[in-house]
Amino acid sequence: MKKTHSCGTLTADQMGEKVSLMGWVQRRRDHGGIIFIDLRDRTGLIQVVFDQEKSKEIFHLAESIRNEYVVAVEGEISPRSQETINPKLTTGEIEVFVDSLTILNSSKTPPIYIENDIDVDENLRLKYRYLDLRRPEMQEKLFLRHKIIKNIRDFLDLEGFWEIETPVLTRSTPEGARDYLVPSRVKSGSFFALPQSPQLFKQLLMVAGTEKYFQIARCFRDEDLRADRQPEFTQLDMEMSFVNSEDIMNIVEKLIVDIFKKVLGKEVKYPFLRLPYREAMSRFGTDKPDTRFGLEIQDISKLVADSEFKVFTGALASGGVVRGINAKGASFSRKEVDDLTELSIKLGAKGLAWFMVGPEGLKSPINKFFKTEQLEELSQKMNAEDGDLLIFVADSQKVAEEVLGRLRVHLGEKLNLISEEDNFLWVTDFPLLSFDDGEKRYVSNHHPFTSPVEEDINLLEEEPLSARAQAYDLVLNGVEIGGGSIRIHRRELQERLLKLLGFTQEESYEKFGFLLQAFEYGTPPHGGIALGLDRLIMLMLKARSIREVIPFPKTASASCLLTDAPAPVNTEQLDELFLRLELPEKEDDESEEKGC
RNA sequence: GGAGCUGUAGUGUAGCGGUUAACAUGCCGGCCUGUCAAGCCGGAGAUCGCGGGUUCAAUUCCCGUCAGCUCCGCCA
């Protein structure tokens, strides 16, 4: 017997046709003399009917069927009588009268319901992921993920990109995230690292003359997890030769517009806003602003400079700033304002100055430190209206931006100001370097292969922090979904950068010699970008976590509840690799010999 | 590494210093020929995450631990 049709695709057009269906039993309704089964496959449900009078034998077999049994049925597509049509089912006008039944497999009662909108511990969903993935909403996610990736491939193919694979076993390079290491058996004592991204290989592909490269690349970073971070994740990795930043941003915009249109049927507005890093920080307090709502940060430093309020003037005197947000229409209670203050302190502020706006103007315990005309000016600058709440942080610029940036998002959510639209933007003009106080050296903001802006190259040695990078981040709804840059393609400049980052010449040659050498053989100017596919798909499908769009994700402690990985290995395996474990003392009973 | 939240039949929840640990759903059995969240009747099912402490008595209070989730650090 062959499956001839899919359950959810059958319509009244096939009326009278004999069909053979195979799938899972969603539900059985046994009325004694007649049994209904909702048969499910990945396309949907259809009702199949067993009539006692048609065949005692088949009917008897049908009585033994339970949920999630896998069955094959043959029968005729029949119309339902008017009263028995089920408008909730796409196949609700028809049903299949069964004249042959085979039970292909039985099933235990599943630990989770195979249906949408279940409210169940994520533990269970992950442990029985194969059942969780049977649920229609998860199947939809798998399908759309497939569609998105297929569209990306089609689009980039038409644009002349070649999909090229790069190694997963590669070498550990300094900078960046913690590497996952893989010991070499053949070269004892040496290790491969799993790639954090195919960065250097894609640059070498440009040296190799491939001009336009892309890859749906699995990347690995051994860092702690978040709702939008997994230790292994998928990037759409791209690189092009003979291009500038604009070229790359343009092609990515086209790509995004194309997949939103083709997969979701949504029109995305473009070109995307380009926001210089400095402006993003001062207006939104973050380098990945959510611009779906207002509540922008205002600077009132000048305005309050000659007030009597020591918290403000003190911060200004030590080189800080006073900045604030008008929480439009917040009309918070005193308790809510106190909670907000507490949150600010948790975020790193020393406190929160606030004014409630009433019909007579600003009201606050700190009113007395300001002259009437100062309050008036403040009102105007902040566009204060009855019912608003003005909040201010006085601190270093860095702290004020950071705290207000977070408060802004918090308020946006609390005040329900965030619209459902998809809001893309580019953040550009990042500083090339920052100074790491802990390590006492300059570190790359993007990565060490990012090219400075041409006219800033001469700043590198005397004023390194002022040099801008030819880098750009793509942000969607306040989530960073990608970043890229124009790369350095000349050995001399790359060596200068590495030196600036604190690498000795020996270290540079040892770690990056292959790249520096490659640059000596006619490397074209090039640049690229990597998009976090899981995050993009999560946002496209309005999922709450990337775990929802990754078939087999890991938990917050980076383990797989389905396979129980990672797991100990036996000593023979370690011996082959010349490895010996030296674990921190901890009463561990019998954790040896598990394997997978 | 740090903080917070959660953990009670298969599942989702309730509960309380002393109970026969409750409800819904699922499961099992019976009845039932038009249901589609089928219905009716009956039944089984819980070492209250784990360990320790306080107490005459702990699922309940305390401490620790494990697991999951969220956030901070970390994530070129």
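Letters A, B, ... are given to chains in the order of the sequence lines, protein chains preceding strands, and every chain is numbered from 1. Small disclaimer: the values here were computed from a predicted structure and weren't measured.
Contacts of T84(A) with the nucleic acid, taken as non-hydrogen atoms under 4.0 Å apart, include base atoms. Contact annotation for D30(A): base contact, defined as any heavy-atom pair under 4.0 Å involving a base atom. At a threshold of 4.0 angstrom between heavy atoms, the contacts of S197(A) include nucleobase atoms, whether or not backbone atoms are also involved. Within 4.0 Å of S485(A), counting heavy atoms only, lies no atom of the nucleic acid at all. Within 4.0 Å (heavy atoms only), Q26(A) reaches no atom of the nucleic acid at all. Counting any heavy atom pair closer than 4.0 Å across all strands shown, K88(A) reaches sugar-phosphate atoms only and no base atom.
When Watson-Crick and G-U wobble pairs are counted only if both distances are under 3.5 Å, rC50(B) pairs with rG64(B).
Here, rG29(B) and rC71(B) have their P atoms 45 Å apart, quoted to the whole Å. One C1' atom belongs to rA57(B), the other to rU70(B), and the distance between them is 38 Å to the nearest Å. The gap from the P atom of rU8(B) to that of rC48(B) amounts to 11 Å, rounded to the nearest Å. For the P atoms, the distance from rG12(B) to rC27(B) is 16 Å, rounded to whole Å. Comparing rG10(B) with rG45(B), their P atoms are spaced 11 Å from each other, to the whole Å.
Residue pairs meeting the side-chain hydrogen bond (donor to acceptor under 3.5 Å, both in side chains) criterion with at least one partner in residues 406-416 of chain A, sequence neighbours excluded, are E336(A)-K414(A).
Side-chain N/O atoms of E223(A) and base N/O atoms of rG73(B) include no donor-acceptor pair closer than 3.5 Å. Within 3.5 Å, no donor on the side chain of R547(A) pairs with an acceptor on the base of rG68(B), nor the reverse. If you check distances only, the side chain of R544(A) never reaches the base of rU70(B) with a donor-acceptor pair under 3.5 Å. For rC75(B), the base has a donor-acceptor partner in the side chain of R229(A) [N/O atoms by modelled type, under 3.5 angstrom].
Close placement of the F430(A) and Y277(A) rings is indicated, their centers lying within 6.0 Å of each other. The ring of F449(A) has its center closer than 6.0 angstrom to the ring center of F512(A).
Of the residues in residues 43-71 of chain A, those placing a heavy atom less than 4.0 Å from an atom of RNA chain B are Q47(A), D51(A), E53(A), R66(A), N67(A), in numerical order. A heavy atom closer than 4.0 Å to some atom of RNA chain B occurs in Y113(A), D119(A), V120(A), D121(A), E122(A), N123(A), these being the qualifying members of residues 113-123 of chain A.
For rG68(B), one of the phosphate oxygens OP1 or OP2 lies less than 4.0 angstrom from a side-chain nitrogen or oxygen of S559(A). For the OP1/OP2 pair of rG1(B) and a distance below 4.0 Å, the side-chain nitrogens and oxygens of R178(A) include no atom meeting the criterion. R406(A) has a side-chain polar atom (N or O) that falls below the 4.0 Å cut-off from OP1 or OP2 of rC72(B). Contact annotation: R29(A) reaches the phosphate of rA38(B) (side-chain N/O to OP1 or OP2, under 4.0 Å). For the OP1/OP2 pair of rA38(B) and a distance below 4.0 Å, the side-chain nitrogens and oxygens of R27(A) include at least one atom meeting the criterion. The side chain of R226(A) contributes an N or O atom lying less than 4.0 Å from OP1 or OP2 of rC72(B).
Rounded to the nearest 0.5 Å, atoms CG (L340(A)) and CG (L347(A)) are 9.5 Å apart.
We find that CD of E402(A) is positioned 12 Å from C1' of rG73(B), with the value rounded to whole Å. As rounded to whole Å, 11 Å separates atom P of rA9(B) from atom CG of L124(A).
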Practice prompt. In sequence, state the C-alpha distance, the side-chain angles, and the governing distance for E63(A) and I35(A), and then conclude on side-chain contact (heavy atoms from CB on, under 4.5 Å).
Written response: CA-CA 8 Å; E63(A) 283 181 314; I35(A) 295 172; 3.6 Å; yes

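Residue side chain H31(A) fails the stacking definition with respect to rG34(B), as its ring centre and the base's six-membered ring centre are not both under 5.5 angstrom apart and under 30 degrees in plane angle.
The side chain of T555(A) approaches rC69(B) more closely than any other nucleotide in the set rC69(B), rG34(B), rG73(B). In the set rG34(B), rU11(B), rC36(B), rG34(B) carries the atom at the smallest distance from any side-chain atom of I34(A). Counting only heavy atoms from C-beta on, D224(A) has its side chain closest to rG73(B) among rG73(B), rG34(B), rC69(B).
Proximity of a side-chain donor or acceptor of Q230(A) to a complementary backbone N or O of K554(A) within less than 3.5 Å is detected.
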